[in-house]
Amino acid sequence: MVGRILSPQLARTGLSPIVACLLLVIYSIGATGCNDNTAADLSGLELDDVVLEETERTVSTAEGSGSEPPQNEPRGTHQLAVEKNSLRFGFIKLTDCAPLVIAKEKGFFQDEGLQVEVIAQPNWKTLLDNVISGELDGAHMLSGQPLAATIGIGTQAHVITAYTMDLNGNAITVSNSVWEQMKRHAPELAKPQVQHPITAHALRPIIDEKIAAGEKLQMAMVFPVSTHNYELRYWLAAAGIHPGLYSATDVGGRTEAEVELSVTPPPMMPATLEAGNIQGYCVGEPWNQQAVAKGIGVPVATNYDIWNNNPEKVFGVTAEWADKNPQTHVAVIKALIRAGKWLDTADHAGNMIHREEACRILSRPNYVGADYEVLKNSMTGFFYFQSTDRRAMPDFNVFFKYHCTYPWYSDGIWFLTQMRRWGQITESKPAAWYHEIASKVYRPDVYRQAAQLLLDEGRVDTKEIPWDTDGYKPPTSAFIDGISFDGRDPIGYLNSHTIGNKDNAL
Amino acid sequence: VVPLVRLGFGEEPERQLREIVRLILVPMLAFATFLGLWTVLAPRHKTKSGEVPTPAVVWDAASHIWKFHVRESRKEQAFTLPAAERQQELVAAKERLSLLVRYESAAAEQVAEAESANTERVASAVTALETRRAEVAAEIDEQRQARQASLETEAQQLAPGDVTSRQAYLDAMRNHLATTEQEARQLADFDSQIAAARTAKSPSLHRANATLTGIVEEMHYLRTLIEQLEVGNRHLKVEREIASLKTHQKEFLLASAPFVATAAQQVLQAESRVNAAAMSQYAKPWTLPMQIARSVACVFAGFLLGTLIAVPVGILCGLSETFMAAMTPFIALFKPVSPIVWLPIALIIVGGFITDPDSHWLIHTLEQLPLIGWMKINPAFIASAITVSLCSLWATMVNTALGVASVDKDHLNVARVLKLGFWSRLFKIIVPSALPLIFTGLRISLGVGWMVLVAGELLSSSEGIGKFVWDQFNNGASDSFAKMMVVVFVVGVIGLLLDRMMVVLQRLVSFDGLEASI
């Protein structure tokens, strides 16, 4: 039809048939393009006659009683007026991306009226770059990433978080040969059931030998501002081994190092260890269990041993995105809280009833993709330290218990103190700065909004949310070296360590 | 095919048969030998990161990939299906689910059985090894003690200052230490054997586990499908939102003064929710067939871009030796650069132009296009396409230059006699006679582009075959290797098809009847 209308005109203007064809193609593209977005049946949109009739009837029956204020009938989910309903979230193939995957697969996002794509990213750097460039709306991030981006370590951008995805979930694995040497130096490790936590003291003679031979032990972590980097450094430093300092000129963090740390993406860890480029690594699951399953390494310490219930991953978005899509942000956090709760739901005996299903979902190739058998180990509360040494670790992955999803300021401050301790923050800062940055990045206000809505919907219990906290967890000394951490006193904490930068209180 | 047709017409049957043997049977035999060798050799090569998959395993992996695609497509369909068909699907899905529930318990039983058998087998193997190890350890212990004892007695017999006997003692001690170390190694070998025996799984357990996993996966898929059909479907969502809109409208009409404003707001919000529900799209994960389509689109985008640059520049190079001289350093400098170097540069450049992909006009326009709109073209795609063009355009450029430079002088003389202008000389004489060579260049370019693309996608994490390979590598699951092998064949076959396509085009334009080489 379009052609018939067009061709006389074209003939008049003297355009050649080829051009006409081209135009036709463009027209048809335009036409089909429009068809794609056909509006739905919007017959209900006007205050039409049906409604009017019904209303009259209601008015006549309710005559004189006056009208009630409009109230939301208790529906399943109170959908927010989201600014954007199709979202793209990034994740790294680790079991702790579970809240994102579960919120999608169990339909929690859909309940909020969101269509969410969950896309695997090759490494933490690309993930962060994609969030900053707007390619992704948000992502599963390392706790240190929003803080580091906001203060400008690496890429500079104001990234915020209103949801902590999980606690714990990492471990330090050493290669078989290092493990053999450790056993030789510390005979108590040779027993089939080793006393945990294993400290890095047994590494000392190996490191000395290496240094005498003009080499340094090589270990890997996943990203310069990752929890893994700080945990590995903490574990080494707690045994008096210097893991090296960052400085303005040394962005590799190897100044004064006795053990050299480098960056390897999580999924590459087992292969790199097997190839002999590194002798140990600190990474999240399933990459430690993978090393056990393939017989290429031995996990020696979990981060639960290094710091009981330490915060691990967060859900991060840019501040710009959050300002543009405030309702969407709340809706996403709502779905994530539900997912966290679903993951940690336990029966009376304390068995987590949904974890096996979660493992099935995570083992799909478009999510974590590792074998179900491997994922199942740590996710269902067990951890293999060696193929003969299977232990119950019910808190290896915590997704909801202990108020863990709340964005605690004190968590942010711990990471900031570590960045300062190892020199990523190059100059000393006053205590007030730590609090300021933490409150700039951690956004409990959004979390509370979401939690309140869930409470109204009856989806969470009032005691599951820390309503009257000031954002600081009580001081804790549940660290491998027993040093106490109080989020209110970052400088004091910094100065209580032997190895690492220290600051004068300002 | 040609010999077959000729045979059908009874034309020189003997010669045709020979041709058939040579052209069809021989390649098939070679391929069969290859498959056979692969089947035999693959299981012999075991690494800690997994086994080399046999053809059967690869075939299995391919069918898994396909199943994943089909399931995701059905889910997407369920999102948009109208009421009548929805009911049908729902009934079918529920029937299948109830069937599977029964299968599941049987499969779980099988797994439990296989597991207990396996533990038994492992236990017996481990105990056998352990007793053997204990024996060897005892033997070693005995020998060591004997050696130590002899060393001690020797030490007592040593006279002070006797160099030769002391030297002998030193040698004996050295021997003793070396043997001890060797023995320790022997025991360590035993330990690793025991560890391997512990983790060994019987094939029957493997199979049982695979069956159970398959059933559980399908059940999960069916449950999601049913949910999608019963709740998630777009029509249902729109209906629900319209119902809620109507209640809000009613409330608004009845609201007393203080509540009118909020009620009005609620009506408007409900309206926008109806719209949002009507426009909502199913968030489908990328499956390999979709990724292949996107990769092909990407390679053609890059190829077109490269051609648009290479052909004009090549013609200019061929026409003017001065221009050629000016271009030579660039060609020489940039030609050998690897895609891995180009890609980050391309990413930065594209990122500079498209700062906010969500609201950029180019991305929006591309999303509206019918055939490629669903591909979600993003900066990473554009950067990959640019990388493809940067790596592949050189072959076209050099060949075009050569083709233009070697146009028959007689033709040019004829043009001069006819007093043809520059443009008609270019389009009537030069380009047509250079066309065969241009197409040879294009064919090489397309091949290079297809090769480069996988690396580009892998680095830029742009959805496509490269990303699929990278994801599989990262998954590290037991079937990841097999899935990567599937990709080897997919890439090969598509590369072959692209090449054939270019050969056909080349034959169409080469008017001198020149046969293109394979």
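Each chain gets a letter, A, B and so on, in the order its sequence line appears, and its residues count up from 1. Just so it is clear, the structure is predicted and the values come from calculations on it, not from any experiment.
In this structure, chain B has no heavy atom under 4.5 Å from any part of A:S86. For A:D137, the part sitting under 4.5 Å from any heavy atom of chain B is the side chain, from C-beta outward, and nothing else. At a 4.5 Å heavy-atom cutoff, the contact between A:E135 and chain B is made by backbone and side-chain atoms alike. For B:P258, no part sits under 4.5 Å from any heavy atom of chain A, backbone or side chain. For A:E373, the part lying under 4.5 angstrom from a heavy atom of chain B is the side chain only. Looking at A:I361, the atoms closer than 4.5 Å to chain B (heavy atoms on both sides) all sit in the side chain, from C-beta outward. With a 4.5 Å cut-off on non-hydrogen atoms, B:F68 touches chain A through its side chain but not through its backbone. With a 4.5 Å cut-off on non-hydrogen atoms, A:Y367 touches chain B through its backbone but not through its side chain. Using a 4.5 Å cut-off between heavy atoms, B:Q472 touches chain A through its side chain atoms alone. Only the backbone of B:K284 has a heavy atom closer than 4.5 Å to any heavy atom of chain A.
Annotation for A:R88 and B:N378: closest pair NH2-ND2, 4.3 Å, computed over non-hydrogen atoms. For the pair B:E227 and A:Q110, the tightest heavy-atom approach, listed with the atom from each and the gap, is OE1-OE1, 4.1 Å. Nearest heavy-atom pair across B:E217 and A:R360 is OE2-O, 3.9 Å.
Using a 4.5 Å cut-off on side-chain heavy atoms (C-beta onward), A:I119 and B:E463 make contact. Side-chain contact between A:Q115 and B:F79: present, with at least one pair of heavy atoms (C-beta onward) separated by less than 4.5 Å. Side-chain atoms of A:P267 and B:F473, non-hydrogen and from C-beta on, never get closer than 4.5 Å to each other.
More than 12 non-hydrogen atoms from other residues, nucleotides or ligands lie less than 6.0 angstrom from CD of A:E357.
The closest donor-acceptor contact from the side chain of B:K467 to the backbone of A:A120 lies under 3.5 Å. Of the possible polar contacts, one joining the B:N475 side chain to the A:P365 backbone as a donor-acceptor pair under 3.5 Å is found.
For A:N325, the side chain to side chain donor-acceptor pair (under 3.5 Å) criterion is met by no residue, not counting sequence neighbours. Partners of B:L187 according to the side chain to side chain contact (heavy atoms under 4.5 Å, CB included) rule, which considers only residues two or more places apart in sequence or in another chain, are B:R133, B:V136, B:A137, B:I140.
Atom-to-atom distance recorded for A:N366:CG and B:D471:CG is 9.0 Å, nearest 0.5 angstrom. Here the CD-CG distance, from A:E180 to B:D191, works out to 7.5 Å after rounding to the nearest 0.5 Å. Atom CD of B:Q269 and atom CG of A:L80 lie 8.5 Å apart (nearest 0.5 Å).
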